[in-house]
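Excluded from the calculations below are hydrogen atoms, water molecules and symmetry mates; all remaining heavy atoms, backbone and side chain alike, are included.
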Number of protein chains: 2
Amino acid sequence: MELSPTAYVILGMLAWRPMSGYEIKALVDKSTRFFWAASYGQIYPELRRLAEAGLIEGKASPQGGRQRNVYRLTRAGQRELEAWLGVDAGVFETRDEGLLKLFFAEAGGTEAAILALDSKRREHERTVARLEEIEATGKPEGFALHVLRYGIECNRWQAQWCKRTMRELETEDSNLRRTA
Amino acid sequence: MELSPTAYVILGMLAWRPMSGYEIKALVDKSTRFFWAASYGQIYPELRRLAEAGLIEGKASPQGGRQRNVYRLTRAGQRELEAWLGVDAGVFETRDEGLLKLFFAEAGGTEAAILALDSKRREHERTVARLEEIEATGKPEGFALHVLRYGIECNRWQAQWCKRTMRELETEDSNLRRTA
DNA sequence: GGTTGCATGTAAAACGTTACATGATTTT
DNA sequence: AAAATCATGTAACGTTTTACATGCAACC
């Protein structure tokens with residue numbers, strides 16, 4: 001049947017408690033988004049596929065006149081999730097345009113490199129701030145909390161690296177100017 | 001005209017020196033691949049588009065009877081690259097299935113979490129080894145070397161985090177067992 | 001009465017990977 | 001003679017984003 005990691009995001013969240021697609025999306029945006037994003041355009045069709053495969057079950061649960069489908073994990077879905085946990089992860093990918101700019105910064109001189117580093121630093125600091133806000137307001141627990149702290153620490157590390165490397169480049173650059 | 005970051009990978013490499021699509025792909029695999037991957041299926045069509053847009057120029061340069069098209073950056077391409085360096089980066093994304101498994105590890109208990117952490121740790125250690133090999137054999141320099149070192153240090157940090165967190169979980173777990 | 005939030009969904013486009021097809025040259 | 005490397009390209013497939021369309025409910 002071969003499910004995508006995005007499918008396991010859904011199975012994993014439904015293992016916590018039954019939820020609607022809308023709730024799943026909201027939760028994703030407050031949690032997995034930083035290492036596995038998902039849009040409505042993925043979530044709703046995937047819910048349908050998973051239901052067809054018998055891994056989840058949907059039930060219409062309107063709130064007043066407002067449409068609502070709540071899904072829950074079936075036993076087969078629970079087994080599928082556990083099996084996935086037992087095998088090594090496949091995907092690990094990064095797309096970092098800031099690093100790309102630094103990599104090619106020769107074409108714009110040291111100023112371009114410093115610009116790229118400063119922009120990347122600010123990006124990571126913004127992420128740290130957002131994750132800290134989630135930690136403070138969302139009160140996550142268990143392994144999810146460990147993952148959240150990873151996000152905070154890793155982004156902090158990256159921001160620090162940018163600062164450190166910026167200082168290095170500035171020193172190198174002023175040394176060059178002095179000796180030139 | 002709105003180019004994708006992948007297009008700038010090509011422009012950036014051609015700013016170093018003229019190259020064929022094949023060479024670009026080989027270089028990508030030894031450098032940007034760790035923060036911006038690109039396949040032949042992207043590179044060859046993109047070369048054609050960039051040439052049509054006048055940002056690069058291709059010239060047939062067969063080696064014996066072996067077909068070969070070498071591209072070089074035009075002045076317009078150089079300007080385009082410099083303009084891109086001047087604005088803040090857009091894309092920063094991570095897809096980390098290992099973190100996803102840790103995040104949902106409740107469904108498999110502490111063993112599942114430790115499995116995920118150990119697998120992720122090994123993945124980062126393999127990456128460090130590959131990057132160190134590139135550093136030793138490829139002799140990169142300038143900003144590219146800074147980026148390579150970033151890759152090494154960041155993956156090392158991530159491997160360390162996995163180790164540390166594994167230890168934490170093991171201690172917590174044995175404490176629970178002891179007091180239970 | 002307007003904005004925000006809850007709620008579901010699709011269609012088109014963009015992006016990216018994989019597998020395939022082809023063929024020359026160089027190395028073992 | 002086989003295997004690896006150089007070299008170009010496409011087609012099919014899968015993934016992901018974006019924009020759009022719709023409508024109820026709650027709050028201000």
Side-chain angles (χ1 to χ4, degrees), chain A residues 1-10 13-14 18-30 32-52 56 58-71 90-97 100, chain B residues 1-10 13-14 18-30 32-52 56 58-71 90-97 100:
Chain A
M1 199 166 20
E2 202 47 44
L3 301 176
S4 69
T6 303
Y8 291 104
V9 172
I10 293 175
M13 294 206 165
L14 295 182
M19 267 182 253
S20 69
Y22 187 83
E23 281 177 283
I24 290 170
K25 166 68 167 140
L27 253 181
V28 162
D29 284 343
K30 287 208 293 177
T32 67
R33 180 173 106 104
F34 299 96
F35 53 94
W36 204 284
S39 64
Y40 286 125
Q42 288 171 276
I43 290 168
Y44 285 114
E46 192 68 61
L47 281 168
R48 178 163 298 181
R49 276 193 295 272
L50 291 171
E52 274 162 19
I56 62 175
K59 190 171 70 171
S61 323
Q63 298 273 294
R66 187 195 274 161
Q67 180 182 186
R68 188 156 181 264
N69 301 307
V70 171
Y71 293 86
V91 185
F92 180 84
E93 279 171 24
T94 301
R95 297 243 158 209
D96 187 337
E97 196 181 355
L100 212 52
Chain B
M1 199 169 16
E2 200 49 43
L3 301 177
S4 68
T6 303
Y8 291 104
V9 172
I10 293 176
M13 294 206 165
L14 295 182
M19 266 183 255
S20 67
Y22 186 83
E23 282 176 283
I24 289 171
K25 166 67 167 141
L27 255 180
V28 162
D29 284 343
K30 288 208 292 177
T32 68
R33 180 172 106 102
F34 299 95
F35 53 93
W36 204 284
S39 63
Y40 286 126
Q42 287 172 275
I43 291 169
Y44 284 115
E46 192 69 60
L47 281 169
R48 178 163 296 182
R49 276 193 295 271
L50 291 171
E52 274 163 18
I56 64 176
K59 190 170 70 171
S61 321
Q63 298 275 294
R66 185 196 274 162
Q67 180 181 186
R68 187 155 181 266
N69 300 306
V70 172
Y71 292 86
V91 185
F92 181 82
E93 278 171 23
T94 301
R95 297 244 156 207
D96 187 338
E97 197 182 354
L100 212 52

Q.
So if I take every side-chain heavy atom of A/N69 and compare against D/dC6, D/dT15, C/dG9, which nucleotide ends up nearest?
A. C/dG9
Q) What's the CE-C1' distance between B/M19 and D/dA7, to the nearest Å? A) 15 Å
Q.
Please report the distance, rounded to the nearest Å, between OH in A/Y40 and P in D/dG23.
A. 18 Å
Q) If you count the non-hydrogen atoms of other residues, nucleotides and ligands that lie under 6.0 Å from NZ in A/K30, is the total more than 12? A) no
Q) Between atom CZ in A/F35 and atom C1' in D/dT16, what is the gap in whole Å? A) 18 Å
(Q) Between C1' on D/dA19 and CD on A/Q42, what's the gap in Å once rounded to a whole number? (A) 15 Å
Q: Would you mind telling me which of D/dT8, C/dT10, C/dT18 lies closest to the side-chain atoms of A/Y44?
A: C/dT10
Q: May I have the distance from B/E46 (atom CD) to D/dT10 (atom C1'), rounded to whole angstrom?
A: 16 Å
Q.
Here's a test of your reading of the structure: between B/L47 and A/A38, which maps to the more 5' nucleotide of DNA chain D?
A. B/L47
Q: May I have the distance from A/D29 (atom CG) to D/dT18 (atom P), rounded to whole angstrom?
A: 12 Å
**Q.** Whole-Å distance separating the CZ atom of B/R66 from the P atom of D/dT5
**A.** 12 Å
(Q) Side chain of A/R95 only, heavy atoms from C-beta on: which candidate in D/dT16, C/dG16, C/dA7 is closest? (A) C/dG16
Q. Any side-chain heavy-atom pair from B/R95 and A/T6 closer than 4.5 angstrom?
A. yes
Q: Have a look at B/Q67 and say if it touches a base, only the backbone sugar-phosphate, or nothing, with a 4.0 Å heavy-atom cut-off.
A: sugar-phosphate
Q) A/E23 CD to C/dG5 P: how many Å, rounded? A) 16 Å
Q: Please state whether the phosphate of D/dT10, meaning OP1 or OP2, lies under 4.0 angstrom from any side-chain nitrogen or oxygen of B/R48.
A: yes
Q. To the side chain of A/Q63, which of C/dA7, C/dT10, D/dT16 is closest?
A. C/dA7
Q. Say you draw a straight line from OG1 of A/T32 to CG of B/L100; how long is it, rounded to the nearest 0.5 Å?
A. 6.5 Å
Q) What is the nucleic acid contact for B/S20, judged by heavy atoms within less than 4.0 Å: base, sugar-phosphate only, or nothing? A) sugar-phosphate
Q.
For B/R49 and B/E46: C-alpha separation, side-chain torsions, deciding distance, then whether salt bridge (charged side-chain N to carboxylate O under 4.0 Å, His left out) applies.
A. CA-CA 5 Å; B/R49 276 193 295 271; B/E46 192 69 60; 3.0 Å; yes
**Q.** Nearest-neighbour nucleotide for the B/Y22 side chain, D/dA7, C/dG16, D/dT10 considered
**A.** D/dA7
Q: Between B/P45 and A/S39, just flag the one whose closest nucleotide in DNA chain D comes earlier from the 5' side.
A: B/P45
Q. Considering only heavy atoms from C-beta outward, does the side chain of A/Y22 approach that of A/Y44 to under 4.5 Å?
A. yes
